[in-house]
Amino acid sequence: MADGFIRWYRESGATSVFGEQVKIFEAHGIELVHPAKGAAVVIDIEGEHVLMRPEELGRLLDLRFASITMDWWFSADTNVIDEYAYQPFGCEIQTLWLDGLTLEEADTVEAAVVAAVTGLPTPTRAAIVDRRGKGDPDDWDSAVLSGGERLPTFPDRVLAREPLTERLLRSSQELRSEEIGAGLTLLSPVRPY
């Protein structure tokens with residue numbers, strides 16, 4: 001069983017939408033720049049925090065050559081770890097970890113991601129919201145990236161477009177669906193688990 005997470009799959013656009021994402025997250029009270037240190041915080045391979053100018057981090061993300069793990073901040077002491085990766089399938093993946101957050105903070109992260117999913121010009125393939133960590137984020141890669149037929153345990157919510165939406169609805173009659181814009185459908189259990 002993993003910690004709670006939100007895994008966001010989006011197409012790799014011609015230009016990065018990271019700057020726009022920062023503005024959307026900031027509008028929800030989630031900052032890229034650490035409030036006391038005045039810099040973005042990237043986590044290196046040994047788990048150490050590396051301070052970086054936000055512009056430098058944006059430039060590294062624009063290059064799309066490596067995975068980067070960074071922090072978003074609610075306060076100087078409360079952070080959301082974000083793993084940012086590029087796939088050879090023409091897809092960018094962000095995994096935001098919800099462990100250690102209050103219910104209200106997790107709600108805020110989810111709201112910020114939904115706002116970004118529906119508000120950014122780069123199309124989203126899917127966003128998996130598994131707040132209780134019933135599964136592992138990697139379990140969704142096959143279904144989202146390559147149309148794999150094996151579907152993981154259904155999480156709290158999935159925002160997706162066809163053909164994933166259709167496959168999920170066929171897999172369970174216990175799901176409700178709602179169009180949310182940007183070509184996406186929100187799927188959730190009829191009865192919360």
Side-chain angles (χ1 to χ4, degrees), residues 1-18 20-21 24-25 28 61 64 66-69 72 80-99 101 103 106-193:
M1 181 100 104
D3 291 319
F5 65 88
I6 299 174
R7 183 132 167 140
W8 177 16
Y9 300 84
R10 67 178 173 269
E11 302 294 335
S12 289
T15 58
S16 173
V17 293
F18 181 68
E20 294 169 75
Q21 180 188 347
I24 290 170
F25 276 37
H28 285 82
L61 291 169
R64 299 182 172 138
S67 297
I68 295 177
T69 302
W72 294 93
V80 178
I81 295 174
D82 183 358
E83 297 171 355
Y84 204 107
Y86 297 98
Q87 298 296 317
F89 302 105
C91 190
E92 301 172 2
I93 301 174
Q94 278 186 264
T95 305
L96 295 106
W97 294 98
L98 304 177
D99 55 306
L101 299 180
L103 182 59
D107 288 345
T108 300
V109 173
E110 184 175 345
V113 171
V114 170
V117 161
T118 57
L120 292 175
T122 303
T124 290
R125 292 186 186 187
I128 312 304
V129 180
D130 188 347
R131 292 176 62 156
R132 293 180 297 251
K134 292 188 296 189
D136 187 82
D138 293 340
D139 293 347
W140 285 90
D141 287 356
S142 174
V144 175
L145 297 174
S146 60
E149 287 301 315
R150 184 180 119 7
L151 296 170
T153 302
F154 197 84
D156 300 292
R157 279 170 288 293
V158 172
L159 294 85
R161 60 182 64 247
E162 297 296 344
L164 180 58
T165 299
E166 181 182 329
R167 290 197 338 262
L168 288 166
L169 287 170
R170 272 193 324 236
S171 74
S172 172
Q173 295 179 353
E174 298 295 317
L175 297 177
R176 65 174 160 231
S177 66
E178 174 188 348
E179 300 296 320
I180 61 166
L184 294 164
T185 301
L186 172 64
L187 301 172
S188 59
V190 172
R191 288 176 293 241
Y193 303 112

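The structure presented is a predicted model; accordingly, all values stated were derived computationally and were not measured. In this chain, residues are counted from 1 in sequence order.
- Scanning both residues, T118 and G181, for their nearest heavy atoms gives CG2-O, 4.5 Å.
- T95 contributes atom OG1, which lies 10.5 Å from atom CD1 of I6 (distance to the nearest 0.5 angstrom).
- Distance CG/L151 to CG/D139: 11.0 Å, rounded to 0.5 Å.
- Residues T165 and S177 have side chains not in contact (no heavy-atom distance under 4.5 Å, counting atoms from C-beta outward).
- Side-chain contact between I93 and L145: present, with at least one pair of heavy atoms (C-beta onward) separated by less than 4.5 Å.
- Pairing each heavy atom of G183 with each of R161, the nearest pair is O-CB, 3.4 Å.
- Here CG of L175 is found 7.0 Å from CG of L168. Values are rounded to the nearest 0.5 Å.
- Residues W8 and I128 fail the side-chain proximity criterion, which asks for heavy atoms closer than 4.5 Å.
- Once rounded to the nearest 0.5 Å, the distance linking CG of D136 with OG1 of T153 reads 11.0 Å.
- Looking only at side-chain heavy atoms (C-beta outward), W72 and Q21 come within less than 4.5 Å of each other.
- Enclosure of atom CD in E162 by more than 12 non-hydrogen atoms of other residues, nucleotides or ligands within 6.0 angstrom is indicated.
- Ring geometry for F18 versus Y84: interplanar angle over 60°, hence perpendicular rather than tilted (30 to 60°).
- Put simply, the side chain of T124 does not reach to within 4.5 Å of the side chain of L159, judged on heavy atoms.
- I68 contributes atom CD1, which lies 10.5 Å from atom CD of Q94 (distance to the nearest 0.5 angstrom).
- Under the salt bridge (charged side-chain N to carboxylate O under 4.0 Å, His left out) criterion, the residue pairs touching residues 118-129 are E11-R125, with sequence neighbours excluded.
- Checked for salt-bridge contact, R7 and D130 miss the test: no charged N lies under 4.0 Å from a carboxylate O.
- Taking the six-membered ring where tryptophan is involved, the planes of W140 and F154 are perpendicular, since the angle between them exceeds 60° and thus also 30°.
- The distance from atom CZ of R157 to atom CG of L186, rounded to the nearest 0.5 Å, is 7.5 Å.
- Shown here for E92 and S12, the closest heavy-atom pair between the two residues is CG-OG, 3.4 Å.
- Minimum interatomic distance between A182 and V117 (heavy atoms only, all atoms of both residues): CB-O, 4.3 Å.
- A pairwise comparison of heavy atoms in R150 and A143 identifies O-CB, 4.1 Å as the closest pair.
- When side chains are defined from C-beta on, T185 does not count as touching E166, because their heavy atoms never get closer than 4.5 Å.
- A 4.5 Å side-chain heavy-atom check between E178 and S188 finds every atom pair outside the cut-off.
- In terms of heavy-atom proximity, Y9 sits nearest to P137 at OH-O, 3.6 Å.
- L96 is not listed as a side-chain neighbour of I81, based on a closest heavy-atom distance of 4.5 Å or more.
- Checked by atom type and distance alone, the side chain of R131 never pairs as donor or acceptor with a backbone atom of E110 at under 3.5 Å.
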